[in-house]
Structures are given as structure tokens and as C-alpha cells.
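The residues of the chain are indexed from 1 along the displayed sequence.
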Amino acid sequence: YQRRVHGKLIMVEKVNPLKQMMEKKLANGNSFWNYMHTMAAYYEERPSESQQKKMKFFVENCGNYFLTEKKWTKRYNQNIKLVPPALKTRDSFILWMCEQHNMINESIGKPIYPCELPDLKKRWGPVSLSD
């Protein structure tokens, strides 16, 4: 619609608050998964016990802060209890993250993706100069 501002007619887009809220939540979910996959791709190839403990703490708690839908947070936390983070190697963490993402996608009716290590590394890397 048009609106007069300081004597000039301007076009104003109608705002749909529900649509804006859903787009924001979707963007937050996508950002969360992009961050988590990238973090897995850059995780140490052979992490120390201390690094594994720190990452485990982060992975187990990040959903409480970064996921905007309580139902997604609940599912994420339930999935982590069912299948704890695989943090012994970078490759195991990359695969675990893909499987976790698929578990969430499946529960909300989104497509699942193949968890093929070379494809995941290519998408979320470069992981290292030797890869």
C-alpha cells in the first residue's frame, strides 16, 4: 500500500508478523546447523581428552541457547542423550553431527541427507591442507 511521509507518497510493504517470526526461526535453525557442521569440520583430527570434554560440554548445552523453538531444543537434547557426541576424532564428530541433524530433520518432516564423509568434508571444509 502507499503512505504519505513528509508530503511524499511511498510504497509500504504489508508486514505479516507470523511470517516474519517463522522466517526468523528458520534462519536461526539454519544458522545453528551451519555453525555446528563447520565446527565439526574444523575440530581437531585427534583431540586431547581435555578438548573432547570441552566440546562435549558445548554440544550438550548449545541447544539451550541457540535454538529458538523449545520443541527443537527438547528434541536436540533428547537425541544427544540417545546418541552421545562422538568426539574421539574429527571424522567421528563430522558424521555424528550429520546424523544428529538428520534426526531433527526427520522429526520435523524435512529431508534427510546422506552422511558420506568425503561429501561432508567438501561441504563444510576445507578441513586441513592434507584433505
Side-chain angles (χ1 to χ4, degrees):
Y1 66 94
Q2 290 185 334
R3 182 174 162 201
R4 190 168 295 278
V5 177
H6 301 291
K8 295 181 181 178
L9 279 177
I10 61 168
M11 290 297 296
V12 178
E13 182 181 339
K14 284 189 176 183
V15 176
N16 180 335
L18 180 60
K19 181 181 177 188
Q20 281 184 328
M21 181 185 71
M22 294 308 293
E23 287 172 352
K24 182 178 179 182
K25 289 183 179 199
L26 179 61
N28 285 345
N30 289 340
S31 296
F32 172 78
W33 287 112
N34 285 334
Y35 179 75
M36 297 301 283
H37 285 292
T38 301
M39 191 163 59
Y42 284 87
Y43 185 58
E44 292 290 327
E45 285 187 35
R46 301 270 184 255
S48 68
E49 191 172 313
S50 173
Q51 290 169 318
Q52 290 177 51
K53 285 181 183 179
K54 289 175 184 175
M55 185 58 74
K56 183 176 190 273
F57 180 83
F58 177 79
V59 169
E60 288 178 343
N61 290 282
C62 67
N64 298 320
Y65 302 102
F66 299 121
L67 293 171
T68 56
E69 282 279 332
K70 287 184 181 182
K71 64 183 175 184
W72 293 348
T73 301
K74 184 177 178 180
R75 284 185 186 130
Y76 176 81
N77 290 334
Q78 288 171 340
N79 291 348
I80 288 174
K81 287 178 183 168
L82 288 171
V83 183
L87 300 167
K88 296 253 185 238
T89 67
R90 176 188 298 157
D91 289 353
S92 66
F93 190 29
I94 290 170
L95 291 171
W96 178 86
M97 190 63 66
C98 181
E99 291 162 1
Q100 288 297 314
H101 194 171
N102 277 339
M103 288 170 72
I104 294 292
N105 279 353
E106 188 173 31
S107 72
I108 60 175
K110 289 181 75 176
I112 60 171
Y113 298 95
C115 294
E116 301 293 332
L117 196 54
D119 295 334
L120 295 170
K121 284 182 170 186
K122 184 177 178 182
R123 179 170 182 186
W124 302 107
V127 180
S128 74
L129 294 176
S130 62
D131 287 340

**Q.** By salt bridge (charged side-chain N to carboxylate O under 4.0 Å, His left out) - contacts of Lys88 (at least two apart)
**A.**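 If we apply the salt bridge (charged side-chain N to carboxylate O under 4.0 Å, His left out) test to Lys88, skipping adjacent residues, there are no hits.
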Q. Got a sec, which residues hit salt bridge (charged side-chain N to carboxylate O under 4.0 Å, His left out) with Asp91, two or more places apart in sequence or on another chain?
A.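 Checked Asp91 against salt bridge (charged side-chain N to carboxylate O under 4.0 Å, His left out); matches are Lys121.
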Can you tell me how far the [atom1] atom of [X] sits from the [atom2] atom of [Y], to the nearest 0.5 Å?
X      : Y      : atom1 : atom2 : value
His101 : Trp96  : NE2   : CH2   : 12.0 Å
Leu87  : Tyr43  : CG    : OH    : 4.5 Å
Trp33  : Ile104 : CH2   : CD1   : 5.5 Å

Q: Apply the test side chain to side chain contact (heavy atoms under 4.5 Å, CB included) to residues Thr89 and Glu45: give CA-CA distance (whole Å), side-chain angles for both, the deciding distance (0.1 Å), then the verdict.
A: CA-CA 5 Å; Thr89 67; Glu45 285 187 35; over 6 Å; no
**Q.** Partner set under side-chain contact (heavy atoms from CB on, under 4.5 Å) for Phe58, not counting sequence neighbours
**A.**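 Once residues adjacent in sequence are excluded, the partners of Phe58 under the side-chain contact (heavy atoms from CB on, under 4.5 Å) criterion are Tyr35, Met36, Met39, Met55, Cys62, Phe66.
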Q: Could you tell me which residues satisfy side-chain contact (heavy atoms from CB on, under 4.5 Å) with Glu106, sequence neighbours excluded, listed by chain and number?
A: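 With neighbours one apart ignored, the set is Ile112.
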Residues in side chain to side chain donor-acceptor pair (under 3.5 Å) with [X], at least two apart?
X      : result
Glu60  : Lys56
Thr38  : none
Ser107 : none
Gln51  : Ser48

Report all side-chain donor-acceptor pairs from residues 76-86 shorter than 3.5 Å, counting only partners two or more places apart or in another chain.
from	atom 1	to	atom 2	distance (Å)
Tyr76	OH	Val59	O	2.8
Asn77	ND2	Asn64	OD1	3.0
Asn77	ND2	Thr73	O	3.3
Asn79	ND2	Arg75	O	3.4

**Q.** Which residues share a disulfide (SG to SG under 2.5 Å) with Cys115, sequence neighbours left out
**A.**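 Once residues adjacent in sequence are excluded, the partners of Cys115 under the disulfide (SG to SG under 2.5 Å) criterion are Cys98.
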